[in-house]
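Right, one structure below, let's go through it.
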Amino acid sequence: MRLNLVRVAQLRAFERAELEPGPGLNLITGGNGAGKTSLLEAIHLLAYGRSFRGRVRDGLVRDGAAALEVFLEWEEAKGGRRVGLRHSGTEWEGRVDGAPAATLADLCAALAVVTFEPGSHALISGAAEERRRFMDWALFHVEHDFLPAWRRYARALKQRNALLKARPGPNALDPWDAELADAGALLTRIRSTYLEQLEPVVREVAAAFVPELGAARLQFRPGWRREQMALVDALLLSRETDLAQGFSGVGPHRADWRLQFEGLPGRAAPSRGQEKLIALSAVLGQAQHYAQARGEWPVVLFDDLASELDLEHQRRVLEHVLASGTQVIVTATEPPASVEALNVNASLFHVEHSQVRRLD
């Protein structure tokens, strides 16, 4: 998968800008606040429906503009693809290969991107929502049964929560408990199977970047005590609490996962530097698993890699991903020594005064 064109309009500092990435390594330099990260946000937006910094309405649209626009062209195993999005923060319209996109999911399904950026450590130390989003992104792309199962569960959860707020009679929740349990069991099986497949890949990557922590293990937490009871029984047991709170407190919407290491026994926490490398191992492991499932790597984005990792780890990370033949886009305030040490042909770009200039 290789991006050929990134075109943005009314996105943060950019009124209009274009980037034509090359194959392999691409390096975008520029001062702090110049807009280099915004280019990665634009790519990430069309792959996830949101920036890695948050939602579109959280400042992605340029001040004074009605909406942002992003257009991407790329090549993949099946041929050339084109995707465009116009988003105001509340309303959107998109096109995939010239045809209107019915849902944002249809648009995001076209492009696969993984991103490592300064906030990626939240994948390890942040809220469970971050880890569910990480897990479900991969399933969205590699498991055909996932999206229907996720939608079915989300509909049942919405109906059950609405009924909880209405203070129903004693047996009114029974049919929704049954539907939520049935849909949740399917969703949980899909997630559990994915993490079982991902674990050896992440273990391999983590062994290269944090060998001092020992072997890695992925622990899945389905959102209730599955080893003790079925979801339908967990829902019944939590019904009184759910009625008092007005929402469902157990189920796959509370699912989580954790990476555990032999070298971190008990509740010992990794250092901040190790935390970043663990998150990086998860991101690259996910990319590698995607490649195994789909036959091609996703595009890999590294935002401000030099500030996140020391020189040796930067070099090793870039060597690892470039060996796969994938397209990599890296931002930095100045050319990192790790890139120069690789002795590879990189496409060089510089962002200044909201303009993108090719240097090579």
Side-chain angles (χ1 to χ4, degrees), residues 48-50 54-58 89-92 102-106 108 119 122-140 143-196 198 218-260 266-267 269 282:
Y48 291 81
R50 55 181 287 146
R55 297 163 296 183
V56 173
R57 65 171 178 259
D58 296 331
T90 55
E91 298 180 345
W92 69 273
T103 68
L104 200 56
D106 293 332
C108 295
L123 187 61
I124 305 304
S125 61
E129 181 183 2
E130 294 286 340
R131 290 180 289 279
R132 282 195 299 274
R133 188 180 295 127
F134 169 92
M135 176 171 54
D136 290 350
W137 174 87
L139 287 167
F140 176 68
E143 177 52 64
H144 295 303
D145 294 334
F146 169 72
L147 190 57
W150 185 89
R151 284 173 169 165
R152 180 187 171 196
Y153 180 82
R155 284 193 298 267
L157 180 64
K158 182 178 180 180
Q159 293 293 335
R160 187 178 191 269
N161 284 345
L163 195 57
L164 286 169
K165 290 181 174 67
R167 308 293 299 180
N171 300 318
L173 284 167
D174 289 350
W176 287 114
D177 281 8
E179 171 65 6
L180 199 68
D182 193 44
L186 174 58
L187 183 58
T188 297
R189 284 197 299 273
I190 293 172
R191 284 172 167 172
S192 179
T193 298
Y194 170 68
L195 290 179
E196 288 173 3
L198 182 65
L218 270 170
Q219 181 187 54
F220 179 44
R221 302 175 181 178
W224 78 99
R225 294 182 178 179
R226 186 173 54 158
E227 69 280 1
Q228 296 182 8
M229 65 185 73
L231 178 55
V232 67
D233 296 325
L235 288 167
L236 183 61
L237 190 62
S238 69
R239 182 175 292 185
E240 186 175 331
T241 302
D242 291 351
L243 284 166
Q245 296 177 338
F247 61 85
S248 304
V250 298
H253 60 289
R254 303 294 297 273
D256 198 358
W257 58 266
R258 292 286 182 177
L259 261 175
Q260 297 182 329
R267 296 182 178 273

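Values in this document were obtained by computation on a predicted structure and should not be read as measured data.
Counting heavy atoms of neighbouring residues, nucleotides and ligands inside a 6.0 Å radius, atom NZ of Lys158 does not exceed 12 of them. Around atom CZ of Arg132, more than 12 heavy atoms belonging to other residues, nucleotides or ligands sit under 6.0 Å away.
Ala255 approaches Pro222 most closely through the heavy-atom pair CB-O, 3.5 Å. Contact record, Asp242 with Gly249: OD1-N, 3.1 Å, taken as the closest heavy-atom pair. In this structure, Gly246 and Lys165 approach most closely via the heavy-atom pair O-NZ, 3.1 Å. Here the closest non-hydrogen pair linking Ala138 and Tyr194 is CB-OH, 3.1 Å. In terms of heavy-atom proximity, Gly49 sits nearest to Cys108 at N-SG, 3.2 Å.
Atom CH2 of Trp150 sits about 16.0 Å away from atom CG of Asp145, to the nearest 0.5 Å. With rounding to the nearest 0.5 Å, the separation of CG in Asp177 from CG in Leu235 is 5.0 Å. The OH atom of Tyr48 sits 13.5 Å away from the CG atom of Leu104 when rounded to the nearest 0.5 Å. To the nearest 0.5 Å, the span separating CZ on Arg57 from CZ on Arg50 amounts to 9.5 Å.
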- request: Please test Glu143 against Thr193 for side-chain contact (heavy atoms from CB on, under 4.5 Å), starting from the C-alpha separation and ending with a verdict.
  value: CA-CA 10 Å; Glu143 177 52 64; Thr193 298; over 6 Å; no

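Contact annotation: the side chain of Pro252 approaches that of Leu231 to within less than 4.5 Å [non-hydrogen atoms, C-beta and beyond]. No side-chain heavy atom of Arg254 sits less than 4.5 Å from a side-chain heavy atom of Val250. Using a 4.5 Å cut-off on side-chain heavy atoms (C-beta onward), Gln245 and Leu164 make no contact. Using a 4.5 Å cut-off on side-chain heavy atoms (C-beta onward), Leu123 and Arg131 make contact. Between Phe220 and Glu196, every side-chain heavy-atom pair lies at or beyond the 4.5 Å cut-off. Side chains of Thr188 and Trp224 form a contact here, defined as non-hydrogen atoms less than 4.5 Å apart.
Judged as a side-chain contact (heavy atoms from CB on, under 4.5 Å), and not counting sequence neighbours, the contacts of Leu186 are Ala149, Arg189, Ile190. Checked against side-chain contact (heavy atoms from CB on, under 4.5 Å), Ala230 has the following partners two or more places apart in sequence or in another chain: Val232, Asp233. For Arg258, the salt bridge (Lys or Arg N to Asp or Glu O under 4.0 Å) partners two or more places apart in sequence, or in a different chain, are Asp256. Arg152 pairs by the salt bridge (Lys or Arg N to Asp or Glu O under 4.0 Å) definition with Glu179, Asp182, not counting sequence neighbours. Listed by chain and residue number, Arg239 satisfy the side-chain contact (heavy atoms from CB on, under 4.5 Å) test with Leu236 (two or more places apart in sequence, or in another chain). Every salt bridge (Lys or Arg N to Asp or Glu O under 4.0 Å) that Arg133 has, sequence neighbours left out, goes to Glu129, Glu130.
Judged by distance alone, the side chain of Arg167 and the main-chain N or O of Leu243 form a donor-acceptor pair under 3.5 Å.
Phe134 and Trp257 have tilted rings, their planes meeting at an angle from 30° to 60° on a 0 to 90° scale.
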